[in-house]
Amino acid sequence: MGDRLTTSTLLVTEEDEKKHEIIRAKGEGKELTKEEKQRLRKEKKQHKKNKKDDRGPPEKEKEKEKASVPAPSKPATQSPAHKAAPVPVNASASESPVAAEKPAKSKAELRAERRARQDSERASKQGKKEGGQQSTSSKPKATPNELQPVVKRLPDHVQVDDPVALKKLAKKLERQQKSGQGCSLNITGVKVPLRSDYGYKVSLFSHLHQYSRKNPPTQQISIPVTVIHPSIVRLGLQYSQGIIAGSNARSVALLHAFKQVIQDYSTPPNEELSRDLVNKLSPYISFLSQCRPLSASMGNAIKYIKKEISNIPSQCKEEEAKRILQECIDSYINEKIILASEAISKYAIEKISDGDVILVYGCSSLVNHILCEAFEKQRKFRVIVVDSRPRLEGREALRRLVKKGIRCTYVLISALSYILPEVSKVFLGAHALLANGYVMSRVGTSQIALVAKAYNVPVLVCCETYKFCERVQTDSFVSNELDDPDDLIVTRNGKTHLENWQTVKSLGLLNLVYDVTPPDFVDLVITDLGMIPCTSVPVVLRVKNVDQ
Amino acid sequence: MPGADKETELSERIEAFLSELKRCGSGAGSLRGSAETARETTSLLRRITAQARWSNAGDLMEIIRKEGRRMTAGQPSETTVGNMVRRVLKIIREEYARSRGSTEEADQQESLHKLLTSGGSSEDNFRQHFTHLKANVIEAINELLTELEGTTDNISMQALEHIHSNEVIMTIGRSRTVEAFLKDAARKRKFHVIVAECAPFCQGHEMATSLSKEDIETTVIPDAAIFAVMSRVNKVIIGTQTVLANGGLRAVNGTHTLALAAKHHSTPLIVCAPMFKLSPQFPNEEDTFHKFVSPHEVLPFTEGEILSKVNAHCPVFDYVPPELITLFISNIGGNAPSYIYRLMSELYHPEDHEL
């Protein structure tokens, strides 16, 4: 019965008059009169009927206000929240006299009450979050804010199997082209190209794109300057052909291209730089993700730039604003990439002792830098470079290390079990570090970590903090990249077995680019903030968010 | 003299066989399957039995042992040759024992009880002459040959007991046994096969094209993606070059990684190996275990300037310990790895383990 009263009070405070009533009741300090209770009950029923007919934003507002009432756990200091506290107290205080009354309740009323209770609970949960937002201005530590569910939109490049998503993407690209046109000359027909998939896709991966390197996105059309800046077009082509590869290289190239874009940008009249420039960047980013899906490091860099642009004060002159942005980009590259790699080398060199046999996989710019620095500091070690088809990036790493004068051995990944008994440490680079501690890196990294674990060899991952990513992932299927399947074809002794794989219906080639390594295979992560275990990644992310 | 002609012809054949073995082993000639090698070895041994001059079982065994040593020295990694020699030696012992009239059990392995109770009578020189020994031995070797011919079929017949519909099966490289196994199952069931290509020879490509011709859904993955894809695999079925005496495998390189990944995901690992691949070797013989081929497969000569400063390795085989294996499927049925030692005692005599 006390419940009934509480819920009725909740539902009632949707209108202002009811609020006044409550205030009056609060002022009175005790129970509501019988007629008022009956009226409240009627209102509640009416309200429920209305709610059933009309489910929309107005209801949300009602719920919000309704829910701002039952927030007793927060010692609120502002008046709307303040009202909430005494009401439940009031209700509970009035429980005892009400209990004595015991009016006969019909089944319908009971059902209605139950429903109302559930609604109010639901609303209270929602309201806590929204109410929390309201009261954050007064409270410095807003705990509900951190528990707020982060509803992120699923990225387009993992929704290839959904025709609705594909149509939306096509429309978005068209729209972006139009907005780029804006007030310029009337150019028809050209839009940000939508690349089409190539070849038979393995069924497990039908939600991902699979492009062919032989069909670059700009093959059929030429994109005029007004749609996309030429340095971005060049960058996109370099990505899609694999000329620029590796997450650091891609991020740095992206930032340099953006510097060029900002340099050539001129604010159209009646527009603010902070808003217009961000809008200008969107079609570029769509184009780049068509050429090759964005990496986590690129995503973080773009977020940073957009934030910096939108933080430009509106009274800033254009030249000044451009200078500020250029400086921001330079300092980002310097801090997050160059200085970070210096810091990481310093930490990592402590871990390399004389007589070590170090195993590295593929070509990671960071790991190569560490090894070169260690060699300069007169550490005695030798390196085993493990490589894998079809990319064979290890050869590039091999060349750099040999040029430095480091003693190297070279094997393919299938010979891993043979070579591992000789190895004392494994150094791996990372593409991104996910929030659940998984390491996303070049395909094959998880295999190396697995076998190293079986032979009890320590695995150290080196990663800058700007590659830390809030995504979580447990397997290598859901979010990955499919490379050109023709890369797997090889000619040996004059015979190419997979030559006509397209013609054979039941044959598919799978060329994955990334895989995720579980945190129990990784012993240590070396970042510019220090040496942390894999599971501390969300802590670092949280610290970064608070700083920003 | 007709005898001398036969002898020269015989030695010619042996020489031809040896050079064939040497060539195949280096990878230059066409890679021969183990079944073929086994068959050829056995027919060669039959010929030796028929044409060489011997008067009693001991002489015959000496001759065969000598030829066997030569043949295994020609290509140490091809263990099937040695296995067949040991089988034939065991056949000879059995036939001799049968001719002498003693029962099978007396000729079994030495046990402590036998050593104490039988005293000195177990000393058997094989010097007695029996007229029908030759015919019996040749007949037994013929039986062995028929058994060899039927191994692949025997293994494929068990396919339906192990593969259910809509499975995802992973395999590595190219094994004729596994190919026949999967094709047989595909006649009745629909499943998906993922083939790891097994660089640098990329034999997986051949396997994939051959399987896809039978309308089996096949996917080729590079070796680096084995662990990434393993979580969706239901079974791993592989072939092997040799089954070692402790139940471990000497298989194509990359198999150990595959086995570890399967263990991590608790996926059963099934090895399809006919009995003639079972060898009394143990894996701790360091110098004879690994075989290497030219590293230009790994780092080609086009990388000229760094070649001289770099060590490149290209091992051919991998050791897979028996703990990672779930089941052996052979022509006599399915067995656990812990039972291998027993099978070996039935196939080979302990004195023949060292040829």
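Per chain, numbering begins at 1; letters A, B, ... match sequence-line order.
Within the 4.5 angstrom heavy-atom criterion, atoms from both the backbone and the side chain of A/Arg389 approach chain B. Of the atoms belonging to A/Ala415, heavy atoms from both backbone and side chain fall under 4.5 Å from chain B. With a 4.5 Å cut-off on non-hydrogen atoms, A/Leu488 touches chain B through its backbone and its side chain both.
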Taking it one step at a time, do B/Ser212 and A/Trp501 satisfy side-chain contact (heavy atoms from CB on, under 4.5 Å)?
CA-CA 10 Å; B/Ser212 54; A/Trp501 69 276; over 6 Å; no
Are B/Glu297 and A/Arg492 close enough, and set up right, to give a salt bridge (Lys or Arg N to Asp or Glu O under 4.0 Å), and what steps lead you there?
CA-CA 10 Å; B/Glu297 309 278 350; A/Arg492 292 196 80 245; 2.4 Å; yes
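In this structure, B/Arg232 satisfies the cation-pi test against A/Phe477, with its NZ or CZ atom closer than 6.0 Å to the six-membered ring centre and inside 45 degrees of the ring normal.
Between the side chain of A/Gln447 and the main chain of B/Ile226, a donor-acceptor pair closer than 3.5 Å is present. Side chain of A/Thr409 to main chain of B/Ala312: no donor-acceptor pair is present (N/O by atom type, distance under 3.5 Å, no hydrogens or angles).
Taken from CG in A/Leu204 to CD1 in B/Ile194, the straight-line distance is 6.5 Å, to the nearest 0.5 Å. B/Glu217 contributes atom CD, which lies 7.0 Å from atom OG of A/Ser203 (distance to the nearest 0.5 angstrom).
With ring centers used as reference points, B/Phe289 lies 6.0 Å or more from A/Tyr418.
Using bins of under 30°, 30° to 60° and over 60° for the plane-to-plane angle, the ring pair B/Phe227/A/Phe521 lands in the tilted bin.
Salt-bridge formation is not detected for the pair A/Arg399/B/Glu305: no Lys NZ or Arg NE/NH1/NH2 atom is positioned less than 4.0 Å from an Asp or Glu carboxylate oxygen.
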